[in-house]
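Because only heavy atoms are used, hydrogens play no part in the values below, and waters and symmetry mates are left out as well, while side chains stay in. Order of the sequence lines fixes the chain letters, A, B, ..., with proteins taken first and strands second; residue numbering starts at 1 for each chain.
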Number of protein chains: 2
Amino acid sequence: MEEKAKRVIKTRLEDLAREANVSKATVSLALNGNPKVAAKTVELITKLAAEHNYTPNSFARRLSKRTSETVSLFMMGKATEYSGWLIPSSWLFYNPIFKGVSLTLSEKHYQFSFEFIDLDGKKRENNIISHAQSSSADGLLILIIDESDYSFLESLDAFLPIITINKKLSDTLSSFEIDNYKGTFDVVNYLATLGHRKIAHIGGPFHAYNAVDRFNGYVASLKEIGVTFREDYVVEGDWNIESGKDGMKTLLNLSEPPTAVFCANDHMAIGAMEAVEEAGLTIPRDISLIGYDDTEMSRVVRPRLSSVSQPLEKLGRMATNEVLRRITAKSAPESKKHVVLPPLLVKRDSCCEPSR
Amino acid sequence: MEEKAKRVIKTRLEDLAREANVSKATVSLALNGNPKVAAKTVELITKLAAEHNYTPNSFARRLSKRTSETVSLFMMGKATEYSGWLIPSSWLFYNPIFKGVSLTLSEKHYQFSFEFIDLDGKKRENNIISHAQSSSADGLLILIIDESDYSFLESLDAFLPIITINKKLSDTLSSFEIDNYKGTFDVVNYLATLGHRKIAHIGGPFHAYNAVDRFNGYVASLKEIGVTFREDYVVEGDWNIESGKDGMKTLLNLSEPPTAVFCANDHMAIGAMEAVEEAGLTIPRDISLIGYDDTEMSRVVRPRLSSVSQPLEKLGRMATNEVLRRITAKSAPESKKHVVLPPLLVKRDSCCEPSR
DNA sequence: GTGAAAGCGCTAACAA
DNA sequence: TTGTTAGCGCTTTCAC
């Protein structure tokens, strides 16, 4: 049992036990706050533990407790878009969610594991299940970004707490999302209040849930303010700057171009700004422009871009607290939670009354 | 041994062994590619493993092998600046490093653990050591961002492979960095070539290593091009937009304002742009401006910001490969690596000849 | 209140 | 080539 100079020497439970003249069991119980241990013993042991800078071997603890103290956040997408810690910048949208999840988890001493599920792989179902297994998470957070069939999650939920973020899948799976309808209505209505009637939309890719949700919101809002929907006022982008630029070019080439355009995210709005600029027009005088997500970039471009801010960090925190609650609860509660948070329109300098 | 409906049922090594009619040991060896196992047995076992979607319990494996298959990336800073996955946006600089590290690690099936060390805590040394212990990493990547005393790392390196990123600490600790001198020389020289002699500098906080390195580079380059250094042409920022704005205001109020200013990062350059704009001046006509880091923002502002691009992802990959090499090597090699990568000046629209 | 002992799932000598 | 056995460091009944 001689310790050679292998690795950094770590004090183990056993070492503390020997020094305190008690058994390993007692040390373990003491450190885990079991009330049956004598106050004096607890005191001695905590003192020793502090002195030796003791931290339990987490692998041993997890193996023994058969929990991983980990919750996984799943996100779907094309494998090519994902690169370890980094997602494409047009997805910056997600960062605050990560932040909320990760902070909440670390406060509760849980691990955060981020899993990327390849959309292209046909067997997303197996993918999720096997990832869930191998990461051996105690709970799952699933970021829903498309319109696929996720019904298999419901049976899984019986064994492993599952929460969906961004979309409510069914009554039986708890969900946390932000109100895309309110967000889009607020922008369309704001534009209408300024006097715009020719309001176009550069949307995200139509396989993306947020994109169709915002598009639907746009259509519904138009109706609400009494403007008839025109198909040529809608173009589909892919969330990236370049696609916004292309979309705006298309719109500008119309015989009757719009006086305002609502983009489904800031990146596309910024691309749109470039197109307007290149066409020799001015924002907002010739075209009013509005984005979505309220990213840092919207404050940095000129004119400053109006946008819709979403309480994403809060969304992440709330969803995480809910999985944690489910994990520690003995059994799955009957009542599932469905939370919808409101976004907020942020007015900057990219909109004004129409000049035509 | 009945399995109640607790958690998702996972196949274990033992299950495979029973089915294959061999011992656990054989299964383990087969799955780990030990050449001594008969080809037929290997085939059978791999087939079974695939059928059962077997993945080893990583906690058990790590406990047994006494490795964590984890490498930690340490970064220092004020605790208030850090929030789980997110670092302040002015630190976006680091993202590509993370990307390189994280990608390389996941290719090699290693875990990535990111540790934030509080600069304010006086005992950074204990901090690093205890973090290293509790995360039980097999190797350490340390991002050096300040000028403190890190000599204690050298003794640690005997037990745990350590690589520093961003700065060479000593001959005995392998390091990977990007040439700040070349980067700054390229910008100063470019400005001089355009005809500028009044070249100011908005630097990062002077406790930050990159900031002083770039400042020194600025001073040295000035000398090289035969321009005398003026103290009033240097202002200290804190990497953030606002500080760049303040810095530029100070510069603009000088009796003899500069015709060009070199900012130590893009964020401050963008703040500087705002100040110029508010002063009713135009970039680059009245003031040439240049940033550092070549972030996405530099392409989005108007005029497009010239900047210095750094091969940070490559830096991260190279450093990671080196720790991995050290981890798998039996003993610490005598020869330490010291790599210095060159940055690249990216010319956009924010610089021209001086008008005065 | 405390200790003994079994066990979590896997790896690795050493035998066979 | 394969099996036996003994841990890895911790938690957790169950006796005492």
Side-chain angles (χ1 to χ4, degrees), chain A residues 1-4 6-46 49 52 54-70 109 133-136 138, chain B residues 1-4 6-45 49 52-70 109 133-136 138:
Chain A
M1 273 296 145
E2 275 304 304
E3 260 145 350
K4 312 261 169 187
K6 50 153 91 161
R7 305 244 156 271
V8 179
I9 301 98
K10 258 200 94 171
T11 23
R12 295 157 306 160
L13 202 54
E14 193 180 340
D15 303 327
L16 295 183
R18 197 180 319 110
E19 264 205 70
N21 264 316
V22 293
S23 73
K24 295 197 304 179
T26 309
V27 179
S28 174
L29 294 177
L31 258 19
N32 289 312
N34 188 310
K36 301 177 111 183
V37 184
K40 259 185 77 174
T41 330
V42 172
E43 196 185 338
L44 171 62
I45 292 177
T46 9
H52 289 74
Y54 171 76
T55 49
N57 177 315
S58 66
F59 301 134
R61 185 158 43 81
R62 289 173 184 166
L63 178 58
S64 178
K65 296 188 75 167
R66 304 155 98 204
T67 67
S68 60
E69 285 160 17
T70 297
H109 304 288
Q133 276 190 184
S134 70
S135 76
S136 57
D138 296 335
Chain B
M1 275 297 146
E2 272 305 302
E3 262 144 348
K4 311 260 168 185
K6 50 151 90 164
R7 307 242 158 274
V8 177
I9 300 98
K10 257 199 95 170
T11 21
R12 294 158 307 161
L13 202 54
E14 192 180 341
D15 303 328
L16 295 183
R18 196 180 320 111
E19 263 205 71
N21 264 316
V22 292
S23 74
K24 294 196 305 177
T26 309
V27 178
S28 175
L29 294 178
L31 257 21
N32 289 312
N34 187 309
K36 302 177 111 182
V37 184
K40 258 186 78 173
T41 331
V42 172
E43 196 186 339
L44 170 61
I45 292 177
H52 289 74
N53 223 306
Y54 172 75
T55 50
N57 178 315
S58 65
F59 302 133
R61 186 157 45 79
R62 288 172 185 168
L63 178 58
S64 177
K65 295 188 74 168
R66 304 152 100 209
T67 66
S68 60
E69 285 160 18
T70 297
H109 304 289
Q133 276 189 181
S134 71
S135 76
S136 57
D138 296 334

Next on the checklist: Measure CG/B:Asn34 against P/D:dT2 and give the value in whole Å, please.
Outcome noted: 11 Å

Checklist entry - Rounded to the Å, how far apart are A:Arg18 CZ and C:dG3 C1'? => result 16 Å

Item to check | Distance (rounded to the nearest 0.5 Å) between B:Lys24 NZ and B:Asp15 CG | outcome: 10.5 Å

Check: protein-nucleotides 14-16 of chain C nitrogen or oxygen pairs below 3.5 Å:
none

Checklist entry - Atom CZ of A:Arg61 and atom CZ of A:Arg66: how far apart are they, to the nearest 0.5 Å? => result 16.0 Å

Next on the checklist: With heavy-atom distances below 4.5 Å as the criterion, would you say the side chains of B:His109 and B:Glu69 are in contact?
Outcome noted: no

Next on the checklist: Using a heavy-atom cut-off of 4.0 Å across all strands, would you classify B:Asn21 as base, sugar-phosphate, or nothing?
Outcome noted: sugar-phosphate

Tabulate protein N/O versus nucleotide N/O from nucleotides 9-13 of chain D, keeping only pairs under 3.5 Å, one per line.
residue: D:dG9; atom: N2; partner: A:Ala60; partner atom: O; Å: 3.3
residue: D:dC10; atom: OP1; partner: A:Tyr54; partner atom: OH; Å: 2.8
residue: D:dC10; atom: OP1; partner: A:Asn57; partner atom: N; Å: 3.2
residue: D:dC10; atom: OP2; partner: A:Leu13; partner atom: N; Å: 2.6
residue: D:dC10; atom: O2; partner: A:Ser64; partner atom: OG; Å: 3.3
residue: D:dC10; atom: N4; partner: A:Lys24; partner atom: NZ; Å: 3.0
residue: D:dT11; atom: OP2; partner: A:Ser28; partner atom: OG; Å: 2.8
residue: D:dT11; atom: O4'; partner: A:Ser64; partner atom: OG; Å: 2.7

Checklist entry - Between CG of B:Asn57 and OG of A:Ser68, what distance do you get to the nearest 0.5 Å? => result 9.5 Å

Checklist entry - Closest heavy-atom contact between A:Tyr54 and A:Leu16? => result CG-CD1, 3.8 Å

Item to check | Side chain to side chain, A:Lys10 and A:Thr55, heavy atoms closer than 4.5 Å | outcome: yes

Checklist entry - Can you tell me how far the CZ atom of A:Phe59 sits from the OG atom of B:Ser58, to the nearest 0.5 Å? => result 7.5 Å

Expected list for residues 32-46 of chain A: side-chain donor-acceptor pairs under 3.5 angstrom, two or more places apart:
residue: A:Asn32; atom: ND2; partner: A:Ser28; partner atom: O; Å: 2.9
residue: A:Asn34; atom: OD1; partner: A:Lys36; partner atom: N; Å: 2.8
residue: A:Thr41; atom: OG1; partner: A:Ala38; partner atom: O; Å: 3.4
residue: A:Thr46; atom: OG1; partner: A:Val42; partner atom: O; Å: 2.3
residue: A:Thr46; atom: OG1; partner: A:Glu43; partner atom: O; Å: 3.1

Item to check | Between C:dT2 (P) and A:Glu43 (CD): distance, integer Å | outcome: 13 Å

